[in-house]
Amino acid sequence: MKNILIALSVALNLLFCGFAMANTAEEPSSANELMWTQVKDGAQGVTTSKGQAHNQLINTYDMRVFQLRSDLLAPAIMAALFGMIIVFVLFIKVNGISKLHGGFSGKMVHRWSKFDVSIHWLGAIPCLLLILTGLTLLAGRFFFHPYLSEGLWAGLINAAKLVHDYMAIPFMFGWLLMTVLWAKNQMPKMYDIKWMLYVGGYINFGPFKGKHPDAGFANAGEKLWFWTFALFGLVICASGMLLLFPNVFEPSRTLSLIALVLHSVSAIIITAFSIVHIFMATVMSEGGMECMVSGYCDENWATQHHNLWFDEIKQNGTLTYKK
Amino acid sequence: MATMKFLCDTKRCIECNGCVTACKNENDSALEWGIQRRRVVTLKDGEPGEASISVACMHCTDAPCMAVCPTDCFYRTEDGIVLHNKDTCIGCGYCFYACPFGAPQFPQKSTFGGRGKMDKCTFCAGGPEEDHSEAERLKYGSNRIAEGKLPMCAELCATKSLLAGDAGVVSNIYRERVASRGSNKAIWG
């Protein structure tokens with residue numbers, strides 16, 4: 001028994017000696033390598049500087065974010081704005097617009113309250129300015145800067161940043177109010193599938209010609225736009241808050257870069273949809289723009305584009321005409 | 001032309017912050033309150049294996065700040081020094097997010113979390129304005145490179161830990177030091 005204990009203690013001693021010797025032999029290289037690895041992993045030290053992130057030597061992140069911005073996101077937002085405009089102009093040249101079959105009836109049906117119209121423009125006007133300034137901020141250096149003098153470019157980009165910062169605030173209120181107050185009219189219904197199959201009856205040739213699929217207060221296209229705007233609006237507002245108020249939220253540098261990418265992706269999607277939305281309201285659908293000017297729509301427009309809604313308000317007695 | 005680089009020998013850095021003071025003093029005209037272009041970071045402070053390193057802009061060859069800037073205000077001099085134009089800068093902070101070394105710093109200004117014009121180490125090479133003009137002095141600080149001198153931080157480093165100059169020359173000095181220390185492993189710490 002005693003022998004066994006002695007043997008055990010010797011063995012343990014040897015084991016520890018072995019570790020200790022290994023440690024002394026390996027110390028310089030392993031300690032150095034360990035420190036370098038820790039530095040690359042973002043190890044923090046002590047510094048007298050009060051500068052932001054100054055106690056950290058290296059912040060590591062995926063550097064492909066720059067290529068993503070310059071090679072993909074910047075051209076994509078140009079395509080989402082100018083590309084979509086070109087596509088839509090060509091489409092209207094070929095297809096023509098959606099005319100009211102019976103012409104204007106002159107009887108104006110109440111569709112939106114004054115408050116609804118105002119929250120629409122509270123979001124819409126800043127949105128347009130945000131798209132233009134945001135495009136300048138994301139893609140301007142590649143598409144505008146080469147053709148401008150340094151002074152002109154500096155003025156443009158400074159103005160873009162300023163407008164982008166200020167317009168963010170009313171846009172967020174507009175987005176929030178529209179999303180919350182209008183959601184009840186935007187719930188998907190079965191007849192929306194048929195609407196999609198007929199492309200809303202806006203195609204003026206082939207088997208689609210003259211078709212008018214059913215639609216309630218909002219048609220399937222409007223619902224798609226609404227939910228896209230609600231979702232990507234949320235992403236763009238949240239990421240924008242991180243970028244606009246770094247003093248409040250104190251996001252890490254890596255999180256800020258992620259926010260920047262999410263902000264750009266959402267902007268590209270919202271821009272493309274906005275162009276479609278603007279074209280539909282102003283050019284494509286005759287009589288459509290009136291809804292967001294006075295809040296009233298022509299009776300013929302209502303029966304042609306939102307037949308189920310018109311039938312419903314006629315039945316339950318909420319139908320009111322403009323006095 | 002040369003490719004200018006900084007190198008800090010952690011075996012020599014004694015955390016005296018002389019480089020920080022030298023930089024502050026040399027570029028005082030351009031530095032707003034609270035901004036410091038160079039700092040010394042000490043790892044494992046007070047523990048075995050403590051190491052200090054002086055950091056500022058590393059004047060990267062493939063600079064992330066340059067890649068991310070929405071205003072395209074960065075440029076590289078023929079000496080490989082990364083500089084920026086404060087007139088074009090909008091203070092968006094993207095370069096701060098992108099820089100792995102935390103070099104870009106901003107004075108707090110304007111509305112929201114708005115930042116002023118970005119400031120960072122210029123390798124004591126001024127800015128896009130005419131060399132030694134008043135505008136350059138007020139926006140970027142000194143321009144020692146135009147006088148044929150190296151950055152003040154490295155010139156005043158008491159232990160010659162912080163080296164500045166052409167990458168080839170700097171790395172040769174460092175290689176000789178490491179060789180004379182007798183261990184090729186004695187690089188960090």
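Below, chains carry the letters A, B, ... as their sequence lines are ordered, and counting in each starts from 1. On a predicted model such as this, the values are computed, not experimentally measured, just so you know.
- Proximity to chain A is limited to the backbone of B:C99, based on heavy atoms less than 4.5 angstrom apart.
- Heavy atoms closer than 4.5 Å to chain A are found in the backbone of B:M66, but not in its side chain.
- For B:D62, no part sits under 4.5 Å from any heavy atom of chain A, backbone or side chain.
- Ranked by heavy-atom pairs shorter than 4.5 Å toward chain B, the options A:S70, A:G45, A:G42 are led by A:G45.
- Atom CD of B:E78 has 12 or fewer neighbouring heavy atoms from other residues, nucleotides or ligands inside a 6.0 Å radius.
- Residues A:R141 and B:P70 are not in side-chain contact: their nearest non-hydrogen atoms beyond the backbone lie 4.5 Å or more apart.
- The minimum heavy-atom distance between A:Y61 and B:Y97, with the atom names listed, is CE2-O, 4.2 Å.
- Here A:H145 is the residue among A:Q44, A:K50, A:H145 with the most heavy-atom pairs under 4.5 Å with chain B.
- No side-chain heavy atom of B:T42 sits under 4.5 Å from any side-chain heavy atom of A:T47.
- Formation of a donor-acceptor pair under 3.5 Å by the A:W153 side chain with backbone atoms of B:T71 is found in this model.
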*Going through the distances and angles, do B:V40 and A:T48 end up as a side chain to side chain contact (heavy atoms under 4.5 Å, CB included)?*
CA-CA 7 Å; B:V40 177; A:T48 53; over 6 Å; no

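- Contacts with chain A were tallied for B:C69, B:G34, B:C89; B:C69 has the most, counting heavy-atom pairs under 4.5 Å.
- A:P246 places a side-chain heavy atom less than 4.5 Å from the side chain of B:R115.
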*After noting the C-alpha distance and the side-chain angles of A:E150 and B:N85, does the key distance pass the side chain to side chain contact (heavy atoms under 4.5 Å, CB included) rule?*
CA-CA 10 Å; A:E150 190 62 31; B:N85 187 336; 4.0 Å; yes

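- Note: A:W36 CH2 to B:T10 OG1 = 10.0 Å, rounded to the nearest 0.5 Å.
- Considering all non-hydrogen atoms of both residues, A:G51 and B:Q105 come closest at CA-OE1, 3.3 Å.
- For A:V65, no part sits under 4.5 Å from any heavy atom of chain B, backbone or side chain.
- Among A:A53, A:S49, A:G140, the residue making the largest number of heavy-atom pairs under 4.5 Å with chain B is A:S49.
- Checking A:H54 against B:Q36 by side-chain atom types alone, no donor-acceptor pair falls below 3.5 Å.
- Within 6.0 Å of CZ on A:F173 lie no more than 12 heavy atoms contributed by other residues, nucleotides or ligands.
- We find the CZ-CD distance between B:F101 and A:Q56 to be 11.5 Å, quoted to the nearest 0.5 Å.
- When B:E15, B:R38, B:R39 are compared by the number of non-hydrogen pairs under 4.5 Å with chain A, B:R39 comes out ahead.
- Note that OG of A:S256 is 8.0 Å distant from CZ of B:F96, once rounded to the nearest 0.5 Å.
- B:D45 CG to A:N55 CG: the interatomic distance, rounded to the nearest 0.5 Å, is 12.0 Å.
- Contact annotation: the side chain of A:R69 approaches that of B:Y94 to within less than 4.5 Å [non-hydrogen atoms, C-beta and beyond].
- Of all the heavy atoms in B:A51 and A:M35, the pair that sits closest is CB-SD, 3.8 Å.
- For chain B, the nearby part of A:L260 is the side chain; its heavy atoms alone come within less than 4.5 Å.
- You'll find the side chain of A:V46 stays beyond 4.5 Å of the side chain of B:V41, heavy atoms only.
- Only the backbone of B:D87 comes within contact range of chain A, with heavy atoms under 4.5 Å apart.
- Checking A:L137, A:L162, A:D165 one by one against B:I90, the side chain to side chain contact (heavy atoms under 4.5 Å, CB included) holds for a single residue, A:L137.
- When each of A:A139, A:A154, A:S252 is scored by its heavy-atom pairs under 4.5 Å with chain B, the top score falls to A:A154.
- When each of B:G93, B:G102, B:P104 is checked for heavy-atom pairs under 4.5 Å with chain A, B:G102 comes out on top.
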